[in-house]
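Below, chain A is the first sequence line, B the second, and so on; all start at residue 1.
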2 protein chains.
Amino acid sequence: MGRNGLEQDWLSSTQQRLEGAGHRPSGPRSAVIELLARQTCCLTAREITDLLREDGRDVGTATVYRALELLHSLGAVQRLDTGERFARYEAADPSGEHHHHLLCARCGRVSQFEDERLERAIAGLADRLSYRVEGHDVVLRGTCPGCAEPIA
Amino acid sequence: MGRNGLEQDWLSSTQQRLEGAGHRPSGPRSAVIELLARQTCCLTAREITDLLREDGRDVGTATVYRALELLHSLGAVQRLDTGERFARYEAADPSGEHHHHLLCARCGRVSQFEDERLERAIAGLADRLSYRVEGHDVVLRGTCPGCAEPIA
DNA sequence: GTGAATGCAAACTCTTTGCATGACT
DNA sequence: AGTCATGCAAAGAGTTTGCATTCAC
């Protein structure tokens, strides 16, 4: 299944979940959800607002935050804190599949990766800790290929 | 080498590094450094200010932040963002040894762990990525033993 | 004496909340 | 009607900055 299929999955399952929880498919909120469905990686609240405006769909800041909070509480959106002073948000795969992030220290760009071995290490680790582990975030910091190029 | 030895190591190597960079061992900044040396885990800026006040060493908020920023830029302090709305800081082992953190979703308490297998997984991962990876943070979220106890 | 460091208060940024307006069932 | 949702503006919270004063060398 390609990316369009996944988009559709997330979009429709999220809309269903919202409806099931008694929420209405209003215009502004739908715009946020549809935008998130189209992304390949995380966005800040500001970026979401700006992208929607470029699309001619002005949505108030508070509405964006409220939509994100709602989606996060339903598990449809992952909130990501990379140590910048703002949060990033992205669609969370309903199947539980997930990836982690790479942050370029120079340009601030965020990209993503998956690693099965890392997931296994964390799962094994969770077993030996006295915490009940329910989730995890991994952020790698470094220099992206573009920024690492020789300055010459 | 026990904890006192490590404290001493960090304290003196940090003081040396500051002096080497042309900074003066002033009272307020030294108080911050000495406090950090005594900790076993990360503190927020607010906690640092409050603990110093309890010790009778009033240090202004701005000074605390400036000290932390300076120490961070020298690599002597690690800054940790757990997705709460504030950062946490802790002494960074000069040897490069490090640990990661567990955050209790209920009480907000932070504890730490080390895991060699996790470190190896990340090191292996870094090799196959096109990024030049310079650091990483891992945060596990869950419920701490205290909060997981039956309510009865 | 000179440059660094401090502390206060004001400024800033991201995020949340109060409240009146508007939309959907 | 009765909710839920929106948008603006104001409030909050953590962090940073401007600036005059104080401190260390």
Checklist entry - CZ of Arg57(A) versus C1' of dG7(D): gap in Å, rounded? => result 16 Å
Checklist entry - What distance do Arg38(B) atom CZ and Leu11(B) atom CG have between them, rounded to the nearest 0.5 Å? => result 9.5 Å
Next on the checklist: Less than 4.0 angstrom between a side-chain N/O of Tyr65(B) and OP1 or OP2 of dT15(D), yes or no?
Outcome noted: yes
Next on the checklist: I'd like to know whether Glu34(B) forms a salt bridge (Lys or Arg N to Asp or Glu O under 4.0 Å) with Arg57(B), so could you lay out the CA-CA distance, the side-chain angles of the two residues, the decisive distance to 0.1 Å, and finally the verdict.
Outcome noted: CA-CA 12 Å; Glu34(B) 286 158 24; Arg57(B) 313 194 64 170; 3.6 Å; yes
Next on the checklist: Is it the case that the side chains of Glu97(B) and Ser95(B) hold a donor-acceptor pair, with the cut-off being a distance below 3.5 Å and no angle test?
Outcome noted: no
Checklist entry - Nearest-Å distance, CG (Leu43(A)) to C1' (dC14(C))? => result 16 Å
Checklist entry - Could you give the NE2-to-P distance, from His72(B) to dT15(D), as a whole number of Å? => result 13 Å
Next on the checklist: Checking His100(A) against Glu119(A): is there a side-chain donor and acceptor pair closer than 3.5 Å?
Outcome noted: yes
Which atom pairs link the protein and nucleotides 18-25 of chain D when you take only N or O atoms and keep those under 3.5 Å?
{"from": "dA24(D)", "atom 1": "N3", "to": "Arg24(B)", "atom 2": "NH1", "distance (Å)": "3.4"}

Checklist entry - Just checking, is any N or O donor in the side chain of Asp137(B) or Gln78(B) under 3.5 Å from an acceptor N or O on the other one? => result yes
Item to check | Which residues share a side chain to side chain contact (heavy atoms under 4.5 Å, CB included) with Glu134(A), sequence neighbours left out | outcome: Arg132(A), Thr143(B)
Checklist entry - side-chain hydrogen bond (donor to acceptor under 3.5 Å, both in side chains) with Asp55(A): which residues, sequence neighbours excluded? => result none
Checklist entry - Would you say His98(A)'s side chain and Gly96(A)'s backbone share a donor-acceptor pair under 3.5 angstrom? => result yes
Checklist entry - Taking the side chain of Arg85(A) as its heavy atoms from C-beta onward, which of dT16(D), dT6(D), dT15(C) lies nearest to it? => result dT16(D)
Item to check | Among dT6(D), dT15(D), dG7(C), the one nearest Pro28(A) by side-chain distance | outcome: dT6(D)
Next on the checklist: Apply the hydrophobic cluster definition, ILVMFWY joined by side-chain contacts under 4.5 Å directly or through others, and give me every member besides Val133(B).
Outcome noted: Leu102(A), Phe113(A), Leu118(A), Ile122(A), Leu125(A), Leu129(A), Tyr131(A), Val133(A), Val138(A), Leu140(A), Leu102(B), Phe113(B), Leu118(B), Ile122(B), Leu125(B), Leu129(B), Tyr131(B), Val138(B), Leu140(B)
Checklist entry - Rounded to the Å, how far apart are Phe86(A) CZ and dA13(D) P? => result 22 Å
Next on the checklist: Quick check: on DNA chain C, is the nucleotide nearest Ala87(A) upstream (toward 5') of the one nearest Gly22(B), or the reverse? Name the residue that is more 5'.
Outcome noted: Gly22(B)
Next on the checklist: By nearest heavy atom, map Leu70(A) and Ala45(B) onto DNA chain D; which one lands nearer the 5' end?
Outcome noted: Leu70(A)
Checklist entry - Between atom CG in Leu52(B) and atom P in dG7(C), what is the gap in whole Å? => result 10 Å
Checklist entry - Taking five pairs at each end, how big is the angle between the two axes of the helix from dG1(C)-dC25(D) to dT25(C)-dA1(D), to 10°? => result 20°
Checklist entry - Which whole-number value in Å describes the distance from Glu69(A) CD to dC14(C) P? => result 19 Å
Checklist entry - Within less than 4.0 Å of OP1 or OP2 of dA4(C), is there a side-chain N or O belonging to His23(B)? => result no
Checklist entry - Tell me: CG of Asp81(B) to P of dC14(C), nearest whole Å? => result 14 Å
Next on the checklist: Given dG7(D), dT16(D), dT16(C), identify the nucleotide with an atom nearest to the side chain of Val59(A).
Outcome noted: dG7(D)
Next on the checklist: How many whole angstroms separate atom CG of Leu18(A) from atom P of dT3(D)?
Outcome noted: 20 Å
Checklist outcome for this item: Contacts of His99(A) meeting ring pair (Phe, Tyr, Trp, His ring centres under 6.0 Å) (sequence neighbours excluded), chain-then-number -> His101(A)
